[in-house]
Amino acid sequence: MNKKVRVRFAPSPTGGLHLGGVRTVLYNYLFAKKHDGDFILRIEDTDQSRYVEGAEKYIFDCLRWAGLEPDESPEHSGQYGPYRQSERKEIYSRYGDQLIKDGHAYYAFDTPEELEIMRQELKSSDNPSPQYDKTVRHKMRNSISLSAGDTKKLLDEGTKYVVRIKIPDNETVSFMDLIRKEVSFDTSVLDDKVLLKADGMPTYHLAVVVDDYLMKITHAFRGEEWLPSAPVHILLWKFLFGIDNMPQWAHLPLILGPNGKLSKRDGAKFGFPVFAMSWTDPKTHELTEGFKEKGFLPEAFINLLALLGWNEGSEKEIYSLEELTDAFSIERVQSGGARFDYEKARWFNHEWIKKIDISRLHIHVKRLFEERGIPVTDEILLDKAIELVKDRCTLITDFYDQCSFFLQPPVDIDTAAILPKWDEKKNLFFIELIRVYSLSSLWQREGLETSFKELAAANQLKSGELMLPFRIMLVGGKFGPGVFDIAEILGKSETTERIKKVLSML
RNA sequence: GGCCCGUUCGUCUAAGGGUUAGGACACCACCCUUUCACGGUGGUGAUACGAGUUCGAAUCUCGUACGGGCUACCA
């Protein structure tokens, strides 16, 4: 049952799933699949104050859309569950006790107010953010500064406390990162991080180590923002489970926005999505648009994300999820942060629109039209329309502008573009064209074009001057694919109807 | 401030000591196109800086600069 490789992703249900989050899932997923291992999901919901109702389901929806479903999850409970950290509270406290017993952690009774006073007093331009470390440890209220009796008394009285790690003095903690090679820290600059909060919930530091051990995680990939706290985790591994059992770490480069770490704010500011799927904050009702709703194909989304910080070493850029699984290797992940480029993201989507089967596009486009209140009655016509216009579409939503006129006659007719050069001669030409087209037995592009041009010549008109009016009659404006292609797909009766209708408006 | 990580065209990246430093996006020009696009061809454009090691450095070492991250009873 146990696979050689087990990886995990641990989202916190606090809001939308952003690009960096999905990319972390993706790299975990690819690594697991490549080594025929397990990929599990843990839910970090130990911060009750930030827990957002619905966020957990939303995360699963996003991963399902992207095709990155975990093997086991809180929904499909596996053998190492539960996977919600709030349901593992007792487990963590057991390890907290062990750390205290072994002298690697201690009780701290300081109230938030006392901590604030300490920070204010110690704050200076040299030290803008004072830490709870060996220099202040003895001046605070904790089981190190207090006598055993006083500590017991406070405990017995039910005084609120947290458990803090006791960072050893003057040690060098180093580890091998799969992406950055050796990284090392001096423990003298580390602070005594809280391990168990006053409500008994663990912080990330304790939870990640305990869970990785209990869930037999072999490789832990996470964002670079975790690098500074890695030594705390290494120390906990050393204290609790032994360094030899520790998973291999890889700290992924950050995805950057136009300035600094990509944020939700950047999306709103620069007009591109940062979440996989649209997310509405249940409290503020603020909507943040996602890649899905913006018109991205999941294939393209995965593809662009994979290439943001990873490269096989070749010039290949378009990869399916299967191809990525084959080609991926964690060592080839870039160490520097990657700035997200929305134009390039759009290019990936365009390539995928050109690449995937019409039947796949059909599903997306049909849904788009239905969402916008246009029922698709003729599936074959839609397929033909998609085939004709797909090269001109960058986003799925572009199909609306590019082929809604196939499904229903245009509402707005740009007659202003015809009128200035309109005359009776042209009017007669189109009346004649209706007759000619009605009589035609073969309704095909080539034939339609030939008879159109012959009729123009017979009336001593330049066909070039007639193409634009014809186009506007069929689609309503100066856009779209070749007019005769459109006419062919529209069919005889619809084409002649549209000519008649616009003629009556002129 | 301290600590950590990073730095090749504007952007994403290739080049694991010897290349005219390659590709893609974007941009520009031309071609195609009696609409708008797509597409095609070509072009502009980079090894942050300074030392060192070496016959030879984008590549190894050191320093500087710049960028980013962390510095919560958040993850």
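Fair warning: this is a prediction, and the values are worked out from it, not measured in the lab. Chain A is the first sequence line, chain B the second, and so forth, proteins listed ahead of strands; every chain is numbered from 1.
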Could you please name the option among [options] that lies closest to any side-chain atom of [X]?
{"X": "A:Ala338", "options": "B:C25, B:U13, B:C73", "value": "B:U13"}
{"X": "A:Glu315", "options": "B:C73, B:G23, B:C12", "value": "B:G23"}
{"X": "A:Glu317", "options": "B:G2, B:G23, B:G6", "value": "B:G23"}

Salt bridge (charged side-chain N to carboxylate O under 4.0 Å, His left out): pairs with one or both residues in residues 200-211 of chain A, sequence neighbours excluded: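 Residue pairs passing salt bridge (charged side-chain N to carboxylate O under 4.0 Å, His left out), neighbours aside: A:Arg42-A:Asp211, A:Arg88-A:Asp211.
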Contact list for residues 446-465 of chain A, test salt bridge (charged side-chain N to carboxylate O under 4.0 Å, His left out), sequence neighbours left out: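 Residue pairs with at least one partner in residues 446-465 of chain A: A:Lys426-A:Glu465, A:Glu449-A:Lys453.
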Protein-to-nucleotide contact annotation, 5' to 3' order, nucleotides 66-71 of chain B [B base; S sugar-phosphate only; - none; under 4.0 Å, heavy atom]: --SBSB
Summary of protein contacts for nucleotides 30-42 of chain B, nucleotide by nucleotide, where a base hit scores B, a sugar-phosphate-only hit scores S (4.0 Å, heavy atoms): ----BBBBSS---
Qualifying residues under side-chain contact (heavy atoms from CB on, under 4.5 Å), relative to [X], sequence neighbours excluded:
{"X": "A:His104", "result": "A:Leu99, A:Asp102, A:Phe239"}
{"X": "A:Pro258", "result": "A:Asp266, A:Phe270, A:Phe272"}
{"X": "A:Phe175", "result": "A:Asp177, A:Val183, A:Phe185, A:Leu227, A:Ala230, A:Ile234, A:Trp249, A:His251"}

Pairwise [atom1] distance for [N] and [M], with rounding to whole Å:
{"N": "B:U64", "M": "B:G6", "atom1": "C1'", "value": "15 Å"}
{"N": "B:C55", "M": "B:G50", "atom1": "P", "value": "22 Å"}
{"N": "B:A24", "M": "B:A46", "atom1": "C1'", "value": "15 Å"}
{"N": "B:G23", "M": "B:C9", "atom1": "C1'", "value": "12 Å"}
{"N": "B:U59", "M": "B:G16", "atom1": "C1'", "value": "8 Å"}
{"N": "B:A48", "M": "B:G68", "atom1": "C1'", "value": "15 Å"}
{"N": "B:U44", "M": "B:G69", "atom1": "P", "value": "36 Å"}
{"N": "B:A58", "M": "B:U20", "atom1": "C1'", "value": "16 Å"}

In the structure shown, which nucleotide is the Watson-Crick or G-U wobble counterpart of [N], with both distances under 3.5 Å?
{"N": "B:U35", "value": "none"}
{"N": "B:U53", "value": "none"}
{"N": "B:G42", "value": "B:C28"}
{"N": "B:U64", "value": "B:A48"}
{"N": "B:C73", "value": "none"}

Starting from [atom2] on [N], measure out to [atom1] on [X] and report it in whole angstrom.
{"X": "A:Glu331", "N": "B:A14", "atom1": "CD", "atom2": "C1'", "result": "18 Å"}
{"X": "A:Leu19", "N": "B:C12", "atom1": "CG", "atom2": "P", "result": "14 Å"}
{"X": "A:Asn311", "N": "B:C25", "atom1": "CG", "atom2": "P", "result": "15 Å"}
{"X": "A:Trp310", "N": "B:A24", "atom1": "CH2", "atom2": "P", "result": "18 Å"}
{"X": "A:Ile234", "N": "B:C4", "atom1": "CD1", "atom2": "P", "result": "15 Å"}
{"X": "A:Glu312", "N": "B:G23", "atom1": "CD", "atom2": "C1'", "result": "14 Å"}
{"X": "A:Met140", "N": "B:C73", "atom1": "CE", "atom2": "P", "result": "11 Å"}

Audit row: A:Trp352, A:Asn303, side-chain hydrogen bond (donor to acceptor under 3.5 Å, both in side chains) steps and yes/no: CA-CA 9 Å; A:Trp352 272 98; A:Asn303 194 162; 2.8 Å; yes
Name the nucleic acid region contacted by [X], choosing base, sugar-phosphate or nothing; use a 4.0 angstrom heavy-atom cut-off, strictly under.
{"X": "A:Asp401", "answer": "nothing"}
{"X": "A:Phe185", "answer": "sugar-phosphate"}
{"X": "A:Val194", "answer": "sugar-phosphate"}
{"X": "A:Pro231", "answer": "nothing"}
{"X": "A:Ser49", "answer": "nothing"}
{"X": "A:Val183", "answer": "sugar-phosphate"}

Donor-acceptor pair (no angle test) under 3.5 Å: A:Lys344 side chain, B:A26 base: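 In this structure, the two groups form no donor-acceptor pair.
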Acceptor/donor pairs from residues 383-390 of chain A side chains to any protein atom, 3.5 angstrom cut, sequence neighbours excluded:
from: A:Asp383; atom 1: OD1; to: A:His362; atom 2: ND1; distance (Å): 2.6
from: A:Lys390; atom 1: NZ; to: A:Lys354; atom 2: O; distance (Å): 3.3

Exam field: side chain A:Asp423 to backbone A:Lys425, donor-acceptor pair closer than 3.5 Å: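 A pair under 3.5 Å: yes.
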Can you tell me if the side-chain N/O atoms of [X] get under 4.0 Å from OP1 or OP2 in [N]?
{"X": "A:Lys197", "N": "B:C74", "answer": "yes"}
{"X": "A:Arg164", "N": "B:C73", "answer": "yes"}
{"X": "A:Arg332", "N": "B:A14", "answer": "yes"}

Residue closer to the 5' end of RNA chain B, A:Glu182 versus A:Asp199 (nearest nucleotide):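 The 5'-side residue here is A:Glu182.
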Which residue lies more 5' along RNA chain B, comparing A:Ala10 with A:Lys181 via nearest heavy atoms: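 The 5'-side residue here is A:Lys181.
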Test of understanding: with side-chain hydrogen bond (donor to acceptor under 3.5 Å, both in side chains), list the residues that count as partners of [X], not counting sequence neighbours.
{"X": "A:Ser49", "value": "A:Asp47"}
{"X": "A:Asp133", "value": "A:Thr135"}
{"X": "A:Arg164", "value": "none"}

Whether A:Tyr27 and A:Phe328 hold their rings parallel, tilted or perpendicular, with breakpoints at 30° and 60°: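 Taking A:Phe328 first and then A:Tyr27, their aromatic rings sit tilted (interplane angle of 30° to 60°).
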Mutual orientation of the aromatic rings belonging to A:Phe291 and A:Phe296 [parallel < 30°, tilted 30-60°, perpendicular > 60°]: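 A:Phe291 and A:Phe296: perpendicular rings.
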Reference residue A:Asn142; test side chain to side chain donor-acceptor pair (under 3.5 Å); the match among A:Tyr107, A:Tyr106, A:Tyr132, A:Tyr161: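 Between A:Asn142 and the candidates, side chain to side chain donor-acceptor pair (under 3.5 Å) is satisfied uniquely by A:Tyr132.
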I'd like a list of close polar pairs between nucleotides 7-10 of chain B and the protein, N/O only, cut-off under 3.5 Å.
none

Syn-anti status, with the boundary at 90° from 0, for the nucleotide B:C38: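 Syn, which is what one calls it when the glycosidic angle falls within 90° of 0.
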Residue pair A:Leu196 / A:Val162, side-chain heavy-atom distance below 4.5 Å: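 In short, these two side chains do not touch, never coming nearer than 4.5 Å.
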